[in-house]
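One structure below.
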Amino acid sequence: MMKLSIVSGLKESKSNQEKINERFKNLCDLLKPLNFKGIELSLLEPEKIDVNKLIEIKNSYDMEIPALGTGSTYLRFGYSLGHVEENTRIKAIERLEKYIDFAREVQSKVIIGLIRGRYSSQSSPKKEKLNIIHSLKECCRIAENNNVELLFEPINRFEIDSYNTISESIELLEEIGSDNLKLLIDSFHTYLEEDPIFIWEDMKDIIPYVAHLHLSDDNRRAPGTGHFDFKSFLNIFKESEFKGFASIESIMKPSFEDVAKESSEYLKRIL
Ligand code: LER
Ligand code: MN
């Protein structure tokens with residue numbers, strides 16, 4: 001059975017260690033009885049977390065941290081892999097190194113999503129793509145040295161300007177050719193970007209590249225609240241005995257607890 005997780009932050013930048021531990025422990029207390037096997041952490045400053053303490057809590061609940069979200073590095077600091085300024089690209093890689101260190105310790109994977117950045121008027125799509133490729137090669141080298149996998153996420157065209165589709169992203173993976181660079185498929189971006197006529201057939205061919213899933217419905221709310229065909233989507237991965245995690249990444253409304261409960265209940269029937 002596919003393992004279920006959900007995305008949460010720990011507010012590590014604004015909290016002391018005690019608060020971070022308490023927050024993580026509370027998440028485990030809530031999610032463990034709801035059939036979640038993991039918590040995907042969306043972090044800004046992973047180095048601020050006492051990793052040994054977190055591992056102790058994680059192990060005591062027999063939970064995993066399947067992936068680390070890095071998008072806030074771009075949203076808050078403005079650092080990105082495709083940035084026109086070399087210094088800013090280096091900063092993004094340096095930040096990713098911190099996530100990779102943390103991931104090595106907690107046995108997680110590191111997401112390359114919004115951190116690749118948006119095109120700017122001083123640059124050009126072509127230049128920006130070359131910068132992304134160049135930076136990503138460097139990140140792969142660091143990931144390989146640390147035995148950590150990176151998860152490249154196609155993201156819809158309203159949020160980012162590069163690698164919106166699965167096929168463009170696979171081309172990039174092929175070009176980079178690192179065993180530590182895998183694909184993250186998000187149901188929401190799949191819904192917005194892929195051709196509904198071919199997607200279910202095409203999806204079968206991409207399975208070997210995929211190491212992680214994000215789940216939200218076509219309204220970006222909890223799975224089951226919209227019209228996305230989760231049955232067809234998840235069956236493809238089920239039939240291929242996909243061993244990765246599927247993480248709920250939706251707007252957490254009416255509340256995180258409600259989304260966790262409702263998603264788990266809905267997906268139990270499909271997973
Ligand atoms: C990140 O995983 C993602 O899916 C983007 O849409 C950023 O929110
Ligand atoms: Mn996502």
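Computation of the quantities below employed the complete heavy-atom set of this structure, encompassing side-chain atoms and omitting hydrogens, waters and symmetry-equivalent molecules. Atoms within a ligand are numbered from 1 in the order they appear, just like the ligands themselves.
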Subset of ligand 1 atoms that lie under 4.0 Å from at least one heavy atom of [X]:
{"X": "L114", "answer": "7 (C)"}
{"X": "H214", "answer": "2 (O)"}
{"X": "D186", "answer": "4 (O)"}

Indicate whether any N or O donor in one side chain lies under 3.5 Å from an N or O acceptor in the other, for [X] and [Y].
{"X": "S216", "Y": "R221", "value": "no"}
{"X": "N35", "Y": "K37", "value": "yes"}
{"X": "K25", "Y": "Y61", "value": "yes"}
{"X": "E194", "Y": "H189", "value": "no"}
{"X": "N156", "Y": "E159", "value": "yes"}

Starting from atom 4 (O) of ligand 1, what is the nearest protein heavy atom, named by residue and atom, and what distance separates them?
H189 NE2, 2.8 Å
Quick one: look up the protein heavy atom nearest atom 8 (O) of ligand 1 and list residue, atom name and how far away it is.
E159 OE1, 3.5 Å
With respect to the Mn ion (ligand 2), please indicate if H189 possesses an N, O or S atom at a distance under 2.8 Å.
no
So the angle subtended at the Mn ion (ligand 2) by H214 atom ND1 and E153 atom OE2, rounded to 10 degrees, is 90°
Residue D186 atom name (nearest to the Mn ion (ligand 2); N/O/S)
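Result for D186 and the Mn ion (ligand 2): OD2.
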Nearest N/O/S atom of E249 with respect to the Mn ion (ligand 2), by atom name, please.
OE1
Looking at K129 and D161, is any side-chain nitrogen of the basic one under 4.0 Å from a carboxylate oxygen of the acidic one?
no
Can E12 and K48 be counted as an ion pair, charged N to O under 4.0 angstrom?
no
Ring centroid separation F152 to Y163 under 6.0 Å
yes
Hey, is N156 touching ligand 1 through its side chain, its backbone, both or neither, going by heavy atoms under 4.0 Å?
neither
Heavy atom of E40 under 4.0 Å from ligand 1?
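The answer is no, since E40 has no heavy atom less than 4.0 Å from ligand 1.
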